[in-house]
Amino acid sequence: MPTKHKVLIAGSGPAGLTAAVYSARAQLRPVVVEGEPSSTSDQPGGQLMLTTEVENFPGFPDGIMGPELMEAMRAQATRFGAEMVTAKVSRVDLRRRPFAVWVGDPEADEPTYETDALIVATGARALMLGVPGEDRLLGYGVSTCATCDGFFFRGQHIAVVGGGDSALEEALFLTRFASKVTIVHRRDRLRASRIMQERALASGDIEFLWTHQVTEVLGNGKVAGLRVRHTQTGEDGELPVTGLFVAIGHEPNTAVFRGQLELEENGYIRTHDGSLTNVEGVFACGDVQDHVYRQAITAAGSGCMAAIDAERWLESRGE
Ligand code: NAP
């Protein structure tokens, strides 16, 4: 028999856990399906579990480690009665009322949960290169967020991989700190918009390593260089950098909602009037619906909005 809840929150990054704090304090006893441990950003705690120090979350003048911040948010949510479940949502049926949510075996006849309102906060994941050393040195010189980590690379030579708007934006931002930024791009032409290209090319602090792929991240404990390969000649070389920013795109974690929730062309959940989706009673917050700001603090703010929207919607139905 499925367990019935008024509010189920899928995801436990800053958006999901803020939604949990608000829903729990509103006496809605939310259940949070927090994800499963893995090396990617859909694990409990989300992308902040993959960063080291967070210096731009207000309230922490000396900074706080990403995992520590998420543990504090989790403790705050449980203190008010949010129930945490370490599992992933494997299937949903949003045509039924209450909504049906499966964790574990998606083929099971019975859903695991039924819920009146659903808050989707499953986040996004940075696409990674998948080369040796990248995973091991993530947080130790390998980063996916210049806004978060750029400051730690003052005076250093760092590389950014990618040729789209994200890569150029990251590279331009990093020139504030780095002594030199090298963009490693697999082709001889950028994908980024004209204006970003002009800015990057005009910046005297960015160098381009065209038609090269990163094949390995080198270093023992922290990044000490990159092995790179010319994509046409196959010739191998080394780039002596102490940081690597991977900026080859992001992907929202929306697979289980496809075909049921309306998505933007780029795969993010389409929201309107705050956190509302095309399905009444389903709310979305955080990076799963935001490809523009993508900050912990904006995700937390939108999680608060989703919880308030859900609470008001339940109230309007007399629940
Ligand atoms: P994107 O436009 O998809 O660009 C990804 C880049 O990474 C491409 O240059 C691609 O190379 C490269 N790449 C992909 N997989 C790779 C791999 N395995 N190894 C090496 N390189 C790889 O992604 P994005 O830059 O994140 O942008 C996403 C969307 O957000 C775009 O619509 C963009 O305009 C928008 N955006 C806008 C702004 C802004 O306006 N300020 C800022 C950020 C993002 P190829 O070119 O060879 O395919």
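Note that the structure is a prediction, hence the values are computed from the model and not measured.
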Study note, to complete from the structure: side-chain contact (heavy atoms from CB on, under 4.5 Å) test vs Val101 passes for just one of Val31, Thr115, Thr112, Thr3, namely Thr115

**Study point:** Pro14: which of Leu69, Asp287, Leu48 passes side-chain contact (heavy atoms from CB on, under 4.5 Å)
**Key:** Leu48

**Study point:** Geometric class of the Phe208/Trp210 ring pair [parallel <30°, tilted 30-60°, perpendicular >60°]
**Key:** parallel

Point to revise | Test item: side-chain donor near acceptor, Thr271 and Gln289, under 3.5 Å | key: yes

Rounded at 0.5 Å granularity, tell me how far [atom1] in [X] sits from [atom2] in [Y].
X: Thr277; Y: Leu261; atom1: OG1; atom2: CG; answer: 5.0 Å
X: Ser23; Y: Ile9; atom1: OG; atom2: CD1; answer: 4.0 Å
X: Gln295; Y: Asn56; atom1: CD; atom2: CG; answer: 6.0 Å
X: Asp135; Y: Leu129; atom1: CG; atom2: CG; answer: 11.5 Å
X: Lys180; Y: Thr175; atom1: NZ; atom2: OG1; answer: 14.0 Å
X: Leu190; Y: Ile183; atom1: CG; atom2: CD1; answer: 7.0 Å

Exercise: identify the closest heavy-atom pair between [X] and [Y]:
X: Pro67; Y: Met49; answer: CA-SD, 3.7 Å
X: Ala20; Y: Ala77; answer: CB-CB, 3.8 Å
X: Gly162; Y: Ile248; answer: CA-CG2, 4.0 Å
X: Met73; Y: Val21; answer: O-CG2, 4.4 Å
X: Pro44; Y: Ser12; answer: CA-OG, 3.3 Å
X: Arg186; Y: Thr231; answer: O-OG1, 3.3 Å

[X] side chain to [Y] backbone, donor-acceptor under 3.5 Å:
X: Asp290; Y: Tyr293; value: yes
X: Glu114; Y: Lys4; value: no
X: Glu170; Y: Ala146; value: yes
X: Gln260; Y: Val92; value: yes
X: Thr211; Y: Asp188; value: no

Got [X] and [Y] here, is their nearest side-chain heavy-atom distance under 4.5 Å?
X: Leu172; Y: Ile206; result: yes
X: Val33; Y: Lys88; result: no
X: His250; Y: Gln47; result: yes
X: Leu226; Y: Glu216; result: no
X: Val142; Y: Val217; result: yes
X: Ser203; Y: Val181; result: no
X: Val228; Y: Leu209; result: yes

Review point. Sequence neighbours excluded, which residues qualify as salt bridge (charged side-chain N to carboxylate O under 4.0 Å, His left out) partners of Arg270?
Key: Glu262, Glu264

Revision key, fill the gap. Contacts of Arg294 meeting salt bridge (charged side-chain N to carboxylate O under 4.0 Å, His left out) (sequence neighbours excluded), chain-then-number -> none

Are [X] and [Y] in one and the same hydrophobic cluster, where Ile, Leu, Val, Met, Phe, Trp and Tyr link if side-chain heavy atoms are under 4.5 Å apart?
X: Leu17; Y: Phe60; result: yes
X: Met305; Y: Leu276; result: no
X: Val120; Y: Val32; result: no
X: Leu138; Y: Val161; result: yes
X: Tyr268; Y: Leu118; result: no

Is it the case that atom [atom1] in [X] sees more than 12 heavy atoms from other parts of the structure closer than 6.0 Å?
X: Arg91; atom1: CZ; result: yes
X: Arg312; atom1: CZ; result: no
X: Lys222; atom1: NZ; result: no
X: Arg29; atom1: CZ; result: no
X: Tyr22; atom1: OH; result: no

Exercise for review: Before giving the answer on side chain to side chain donor-acceptor pair (under 3.5 Å), spell out for Ser275 and Asp309 the whole-Å C-alpha distance, their side-chain angles and the decisive distance to 0.1 Å.
Suggested key: CA-CA 7 Å; Ser275 66; Asp309 289 342; 2.6 Å; yes

Practice item. Test Arg199 against Leu168 for side-chain contact (heavy atoms from CB on, under 4.5 Å), laying out the working first. Key: CA-CA 9 Å; Arg199 272 190 215 154; Leu168 299 201; over 6 Å; no

Exercise for review: Evaluate side-chain contact (heavy atoms from CB on, under 4.5 Å) for Arg227 paired with Leu218, printing each intermediate quantity in order.
Suggested key: CA-CA 7 Å; Arg227 205 180 297 287; Leu218 306 169; 3.7 Å; yes

Practice item. I would like to know whether Val246 and Ser143 meet side-chain contact (heavy atoms from CB on, under 4.5 Å); could you show each step before the answer? Key: CA-CA 6 Å; Val246 181; Ser143 171; over 6 Å; no

**Study point:** CA sep, side-chain torsions, deciding dist, call: Phe99, Val282, side-chain contact (heavy atoms from CB on, under 4.5 Å)
**Key:** CA-CA 9 Å; Phe99 302 126; Val282 179; 3.6 Å; yes

Check your understanding: Quick one: which of His212, His230, Arg229 gives a side-chain hydrogen bond (donor to acceptor under 3.5 Å, both in side chains) with Asp236?
Key -> Arg229

Exercise for review: Write out all pairs satisfying side-chain hydrogen bond (donor to acceptor under 3.5 Å, both in side chains) with one or both partners inside residues 150-169, taking only residues at least two apart or from two chains.
Suggested key: Gln156-Thr242, His157-Thr182, Asp165-Ser193

Review point. With sequence neighbours left out, which residue pairs that include part of residues 67-80 fulfil the side-chain hydrogen bond (donor to acceptor under 3.5 Å, both in side chains) condition?
Key: Glu34-Arg74

Do any side-chain atoms of residues 102-109 form donor-acceptor pairs under 3.5 angstrom with protein atoms, and if so which ones, sequence neighbours left out?
{"from": "Trp102", "atom 1": "NE1", "to": "Ala108", "atom 2": "O", "distance (Å)": "2.8"}
{"from": "Trp102", "atom 1": "NE1", "to": "Glu110", "atom 2": "O", "distance (Å)": "3.2"}
{"from": "Asp105", "atom 1": "OD1", "to": "Glu107", "atom 2": "N", "distance (Å)": "2.8"}

Review point. Taking the hydrophobic residues Ile, Leu, Val, Met, Phe, Trp and Tyr, and joining any pair whose side-chain heavy atoms are under 4.5 Å apart, which ones share a cluster with Phe173?
Key: Phe151, Phe177

